[in-house]
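Just so it is clear, the model here is predicted, and its values are computed rather than measured. For reference, positions follow the sequence shown, starting with 1.
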Amino acid sequence: MNMKKKLSIFTALAVFQAFAVGSVNAQSAPQGDTASVNTANVESVEVLKQEQPIAEREVKTESNNKSINTPSSEAKETKTSTGDQATSKTDSEKPALDGGETTTDATGTKPEVQEEAPEGETPATPAQIEQPSIDGTSPVAAGGNLTLYMNSNKMEQDGKTYLAGQPMAVKNGVSYVAIRALVDRVGYGVKYDNKTKETIIISGDNELRFKTNSKDYTVNGETRTMKGPAYQQKNTFMVPLTSITQALNITYKVNQSAKTVVLNLNTKPVASFTISQKEIFAGDQVDYVTSNSSPNGMDIVDERWTGRQDSYDQAGTYTISYQVQDANGQWSDPYSITIEVLSPNLPPVAMFATDKEQYKMGEKITYTDQSTDDENNIVKAVWENNSLAFFEPGPKTVTLTVTDNHGATNTYSKVITITNETLYSFTDFNLLFTPVGQKFTFNGGEVTTMEKVPYTYMDEPSLLIRSNSPETVNTEGIVYKESSSGQTRFMIHHVNNTGKRVKMYVIATNNNPNPAVFEQQNMGFAGPTPYATVAGKLSIDKWFKSIQTGADQKKEYLQPGESKLILTELNKTPMKEGQVISLYSDAYSDYSLDYNVILVEENKDPFEALPLLPVLDRDGVHNRGTYPNATRIIKYDEHVGIKPARLPLGDNSSDPNLVGTDPMAYTDASNAGNFGVLYKITLTNVAPRTLISFNPRGGKYSGVALVNNQLVSIAEGNVAVANSSEQSVLYRTGSTGESVTILFSAAPGSNLPVNLLFTPLPSEK
């Protein structure tokens with residue numbers, strides 16, 4: 001073969017390797033060709049609609065949100081905005097960003113732009129082999145980076161230099177590369193489909209198809225659009241660089257000072273794992289959950305672990321690493337987790353002691369819980385048969401079961417002996433030893449024979465707005481309307497029976513010509529809950545705590561004509577069907593404000609809904625009304641506790657109902673049970689050794705009271721004082737007389753009237 005023929009073949013092989021530097025579109029490009037940098041104007045460079053920092057520039061593709069970083073040693077700052085560019089001096093050699101013009105070389109001369117091949121000419125095919133590298137070796141796909149030089153056919157990879165058949169081509173402002181030269185270096189497959197006349201790139205499970213003279217190409221069957229059409233150049237198939245980088249998630253960096261574009265061809269797979277258990281104990285099975293992937297869609301064919309064990313025999317610190325290998329033989333970087341293996345959890349040890357082994361009937365038994373746990377974290381203790389005293393002789397088995405924070409349990413039982421001898425009767429024992437907040441049974445019929453404490457009272461100004469009828473609300477509407485200024489108390493208690501999720505709101509409107517202030521002084525809110533007595537008790541409990549601490553104070557300022565939501569704890573959580581809410585709050589306003597208490601579907605705007613809502617009627621059973629003077633002051637200076645006595649509340653006799661109006665029904669109203677009334681009771685002369693207890697007379701009651709500023713439950717926990725034959729202990733005086741102050745308000749969901757009982761204590765033995 002003569003020399004000319006050899007050169008001709010060599011040149012033809014090089015052409016199929018031809019390759020040009022691609023770039024990123026600054027403006028939002030169509031999917032499939034999103035990233036390019038316009039360098040046609042030497043005065044400006046657009047980068048992804050972002051301002052380039054003077055330091056390292058970063059370009060992100062819309063497809064994968066990855067970056068191109070441009071070192072700033074010689075780069076010039078560029079700003080972009082829609083339809084307007086801020087400009088600055090730049091280097092003369094830059095890649096065209098799709099949509100820009102042709103760049104110039106270092107001498108200022110525009111590089112030659114090749115003409116398109118005649119239509120119908122066969123594109124380059126995989127049979128046309130790579131050009132040798134400078135050192136004589138054949139190019140092989142590798143990981144790491146591929147460096148492309150602007151306006152040059154030179155490219156570097158893994159320390160080796162390769163020559164493409166031609167440099168980058170810029171055609172109508174779009175940067176083009178020769179497919180074959182690029183994919184050989186990147187390591188993808190390429191072939192030609194004679195039936196569809198498409199050039200195909202294959203990367204793992206991804207397939208890209210291009211046609212000559214078409215802006216459309218497909219990625220896994222999905223059609224995308226490029227900035228410019230693919231074309232043939234002297235038997236070399238040319239496509240916009242960004243159509244490949246975007247579709248195959250190839251990131252790159254543009255270095256203007258070095259005149260390079262660096263493609264990140266790191267195709268390492270990625271591995272990670274988690275461990276299901278929050279705590280790992282020696283000897284326990286360890287559950288590993290792995291995750292792995294390949295950026296180019298390769299299959300994961302192998303994995304390896306360091307430090308992994310299915311269980312660890314000894315407590316200590318262990319580091320575990322995980323790697324995976326793809327079908328190309330590449331291993332991922334190790335992913336490591338350090339775990340702390342704990343000593344095996346030991347169950348708690350249940351144990352208790354009694355102060356004696358043998359007791360008389362009616363003799364107080366003291367139980368001392370001596371249970372232990374290796375982590376000192378016992379979360380529950382359940383007693384069985386641990387009565388404070390027994391009133392029948394014989395052996396009694398008492399049991400304690402404890403549970404630690406890991407759910408391990410242990411049980412201990414002890415037998416004590418009750419003799420035939422009696423120390424205290426059942427009644428005397430309970431009067432003396434039932435703890436404060438707990439209840440005991442007695443002969444409730446005796447209460448009616450007790451003398452009433454002949455107290456008198458005075459009322460403090462405080463307007464009560466009681467919204468409690470219809471208690472069960474069947475439809476959206478206004479459940480209460482009222483106007484008030486000065487000191488105001490809100491009591492709101494309702495059940496949702498609409499069949500929908502709803503919210504309740506209180507809207508305050510200032511119809512005065514002057515600005516007004518609404519001051520929330522305290523708040524007691526409970527619910528939503530299916531249980532009316534629970535909601536009622538918790539609302540009173542929180543109200544008293546708020547009175548103690550002042551923690552719920554807040555202000556709202558209302559301009560003339562303005563409406564605002566107040567008491568917003570009420571509307572934080574939607575009410576489901578059958579659920580109850582209960583609210584107590586004291587407030588103050590300097591001007592009269594109009595209040596609307598409404599119930600609407602949870603997604604409705606309360607302000608838009610208000611003008612369209614009907615005013616709901618009373619249910620005929622429960623009470624609503626506006627009542628003045630809702631704080632009742634009771635002060636009694638005479639002796640109490642010398643003999644059994646009672647102080648009735650809510651009976652409409654000793655304690656008359658508040659009288660007011662129903663402003664929506666335009667009728668008078670009587671506050672049955674005096675719900676919403678705050679009683680401030682001061683007994684200045686309670687006899688030594690007096691039991692003060694709470695006894696319901698109208699049915700089940702569950703609530704709280706403040707006794708000498710200490711919160712006392714009326715039947716602790718979820719227990720109620722069930723009937724008139726039960727009483728709950730509020731206070732015991734000591735060996736000298738005392739002054740006792742009690743704050744009380746009837747809990748919604750409970751029953752009135754009630755009695756405070758004063759009982760002399762029996763002598764201790």
Side-chain angles (χ1 to χ4, degrees), residues 447-448 452 455-473 479-482 484 488-495 524 532-533 535-537 539-540 543 580-586 597 615-634 646-681 694-705 714 720-724 743-756:
V447 173
T448 57
K452 293 182 181 179
Y455 68 88
T456 58
Y457 62 85
M458 60 177 292
D459 292 333
E460 284 184 353
S462 179
L463 190 70
L464 170 64
I465 294 175
R466 180 179 177 184
S467 179
N468 189 204
S469 185
E471 182 177 83
T472 299
V473 185
V479 295
Y480 209 86
K481 291 173 64 74
E482 187 55 279
S484 176
T488 305
R489 180 174 304 133
F490 294 85
M491 177 203 162
I492 301 171
H493 184 82
H494 293 282
V495 184
T533 54
K537 179 175 182 175
S539 65
I540 295 292
W543 183 44
V580 186
I581 55 89
S582 191
L583 179 146
Y584 266 71
S585 182
D586 290 295
V597 184
V615 175
L616 302 184
D617 197 5
R618 297 173 294 181
D619 59 20
V621 177
H622 300 88
N623 189 277
R624 76 181 183 193
T626 301
Y627 303 102
N629 303 320
T631 297
R632 185 154 287 184
I633 309 299
I634 297 173
R646 61 190 176 106
L647 191 157
L649 298 175
D651 65 349
N652 199 26
S653 176
S654 299
D655 177 34
N657 294 346
L658 290 181
V659 175
T661 60
D662 181 339
M664 296 180 290
Y666 306 103
T667 63
D668 293 336
S670 176
N671 188 13
N674 274 346
F675 287 89
V677 173
L678 174 61
Y679 294 90
K680 296 180 178 179
I681 304 168
F694 183 94
N695 173 237
R697 305 306 298 177
K700 183 168 65 175
Y701 191 95
S702 181
V704 295
I714 298 172
V721 189
N723 52 58
S724 61
L743 267 63
F744 172 77
S745 189
S750 290
N751 298 281
L752 275 290
V754 299
N755 281 313
L756 298 182

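- Under a 3.5 Å cut-off, the side chain of N671 and the backbone N or O of N657 do not form any donor-acceptor pair.
- Between V704 and F744 the shortest heavy-atom distance is O-CD1, 4.1 Å.
- Applying the ring-ring contact (aromatic ring centres under 6.0 Å, His included) rule to F675 yields no partners; only residues at least two apart in sequence or on another chain are considered.
- Remark: T661 pairs with no residue by the side chain to side chain donor-acceptor pair (under 3.5 Å) rule, at least two apart or across chains.
- Under a 3.5 Å cut-off, the side chain of S585 and the backbone N or O of F490 do not form any donor-acceptor pair.
- Under 4.0 Å is where a charged nitrogen must lie from a carboxylate oxygen, and between D655 and R632 at least one such pair does.
- Qualifying salt bridge (charged side-chain N to carboxylate O under 4.0 Å, His left out) partners for K680, counting only residues two or more places apart in sequence or in other chains: E460.
- In terms of the side chain to side chain donor-acceptor pair (under 3.5 Å) criterion, residue partners of D619 (sequence neighbours excluded) are, by chain and number, S469, H622.
- Distance alone, capped at 3.5 Å, is enough to place a donor-acceptor pair between the N623 side chain and the S670 backbone.
- Partners of Y701 according to the side chain to side chain donor-acceptor pair (under 3.5 Å) rule, which considers only residues two or more places apart in sequence or in another chain, do not exist here.
- For T626, the side chain to side chain donor-acceptor pair (under 3.5 Å) partners at least two apart in sequence or on another chain are Y480, E482.
- Across all non-hydrogen atoms, the minimal contact from A669 to D662 is CB-N, 4.0 Å.
- For the residue pair T631 and R489, a side-chain donor N or O sits within less than 3.5 Å of a side-chain acceptor on the partner.
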